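Heads up, the thing below is written out as structure tokens.
Side-chain atoms are counted along with the backbone in the values below, which use heavy atoms only and exclude waters and symmetry mates. Remember, it's a predicted structure, so these values are computed and weren't measured experimentally.
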Amino acid sequence: DGWCMMKILVLSDSHLHLEYMQRCVEFYRPDAIFHLGDYFKDTFFLKEHYPDIPLYAVPGNCDRYQNSFLPPEDCVVRVDGLRFYLTHGHRQGVKQGLGRLIAEGRAAKAHAVVYGHTHVACISVEEGMYVINPGSCGFFGSSAAIIETDGEKITDCRILRQSDLEEIV
């Protein structure tokens, strides 16, 4: 109850490149943010600058060498009535294929699986479950993803490129 259209900004692999993350938040004004690791400590910047936006984050493979305390490497979060399975993807071997990732998302009864690690942005739908990689907001031209929901389903999901932000007047 009380559901309405929501925008979720998905970021991954920021690797200390904070400017693109900040520009995405400023441009899209999301209702929630997912950060999928590498570098987990970049989420502290987001929390400090946008304390009113709920932030859900998981660490990546590069994070275990930088932080003494880390949350679990994957989790299920409920946003706007939908279940999202968040992971960096290294544990599931996503550079070799998405089979294990998709199986874990199914087991979690997720509406969408969001992952990073490959630095390659892509969106697909596998038997009704979205599989979303925002790419890297730190390297290779910078990318992110935006998910729009209406409390019952994902209504839109797209990759954001650096050029999408150049529409700012």
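Leu86 is connected to Ile123 through a chain of hydrophobic side-chain contacts under 4.5 Å among Ile, Leu, Val, Met, Phe, Trp and Tyr, so both are in one cluster. Residue Leu55 is grouped with residue Tyr20 when hydrophobic side chains (ILVMFWY) are merged at heavy-atom distances under 4.5 angstrom, including chains of intermediate members. A continuous path of Ile, Leu, Val, Met, Phe, Trp and Tyr side chains, each step under 4.5 Å between heavy atoms, connects Ile147 with Val125, placing both in one hydrophobic cluster. If you chain together hydrophobic residues whose side chains sit under 4.5 Å apart, Tyr115 and Leu9 never meet in one group. In the hydrophobic clustering of ILVMFWY residues, with side-chain heavy atoms under 4.5 Å counting as a link, Phe84 and Leu36 come out together.
A side-chain donor-acceptor contact under 3.5 Å links Asn133 and Thr118. Side-chain polar atoms of His35 and Ser12 form no donor-acceptor pair below 3.5 angstrom. With 3.5 Å as the limit, one finds a donor-acceptor pair spanning the side chains of Ser14 and Asp42. Side-chain contact annotation: Asn61 with His88, donor-acceptor N/O pair under 3.5 Å present.
Test Arg29, Gln22, Arg23 against Glu26 for side-chain hydrogen bond (donor to acceptor under 3.5 Å, both in side chains) and you get one pass: Arg29. Of the candidates Val10, Ile8, Thr43, Ile53, Ile33 forms a side-chain contact (heavy atoms from CB on, under 4.5 Å) with just one, namely Ile53.
Here the side chain of Asp150 pairs a donor or acceptor atom with the backbone of Glu152 at under 3.5 angstrom. Here the side chain of Arg83 pairs a donor or acceptor atom with the backbone of Lys109 at under 3.5 angstrom.
Ile146 CD1 to Cys157 SG: the interatomic distance, rounded to the nearest 0.5 Å, is 9.5 Å. Atoms SG and CD1, from Cys122 and Ile159 in turn, are 7.0 Å apart once rounded to the nearest 0.5 Å. To the nearest 0.5 angstrom, Glu148 atom CD is 6.5 Å from Lys7 atom NZ. One finds the SG atom of Cys137 at 11.5 Å from the CD atom of Glu19 (value rounded to the nearest 0.5 Å). A distance of 6.5 Å separates CE of Met21 from CG of Leu11, quoted to the nearest 0.5 Å. To the nearest 0.5 Å, atom NZ of residue Lys41 and atom SG of residue Cys62 are 11.0 Å apart.
At a threshold of 4.5 Å between non-hydrogen side-chain atoms, the residues His111 and Tyr130 do not count as touching. With contacts defined as side-chain heavy-atom distances shorter than 4.5 Å, the pair Ser143/Gln162 does not qualify. Residues Pro30 and Val25 have side chains in contact (heavy-atom distance under 4.5 Å, counting atoms from C-beta outward). Side-chain atoms of Cys75 and Tyr56, non-hydrogen and from C-beta on, never get closer than 4.5 Å to each other. Looking at Glu73 and Val58, their side chains never come closer than 4.5 Å, going by heavy atoms from C-beta outward.
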>> As a quick check of understanding, evaluate side chain to side chain contact (heavy atoms under 4.5 Å, CB included) for Asp164 and Tyr28, giving each step before the final call.
In response: CA-CA 11 Å; Asp164 296 326; Tyr28 286 99; 4.0 Å; yes
>> Is there a side chain to side chain contact (heavy atoms under 4.5 Å, CB included) between Met5 and Asp31? Walk through the geometry before answering.
In response: CA-CA 9 Å; Met5 297 293 268; Asp31 300 294; over 6 Å; no
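Taking all atoms of both residues into account, the shortest heavy-atom contact from Ala112 to Ile132 is CB-CD1, 4.2 Å.
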Name each donor-acceptor pair under 3.5 Å that joins a side chain in residues 95-108 to protein atoms two or more places apart or in another chain, with its distance.
| unit_1 | atom_1 | unit_2 | atom_2 | d |
| --- | --- | --- | --- | --- |
| Arg100 | NE | Glu104 | OE2 | 3.4 |
| Arg100 | NH1 | Arg91 | O | 2.9 |
| Glu104 | OE1 | Tyr85 | OH | 2.4 |
| Glu104 | OE1 | Arg91 | NH2 | 2.9 |
| Glu104 | OE1 | Gln92 | NE2 | 2.9 |
| Arg106 | NH2 | Glu126 | O | 2.4 |

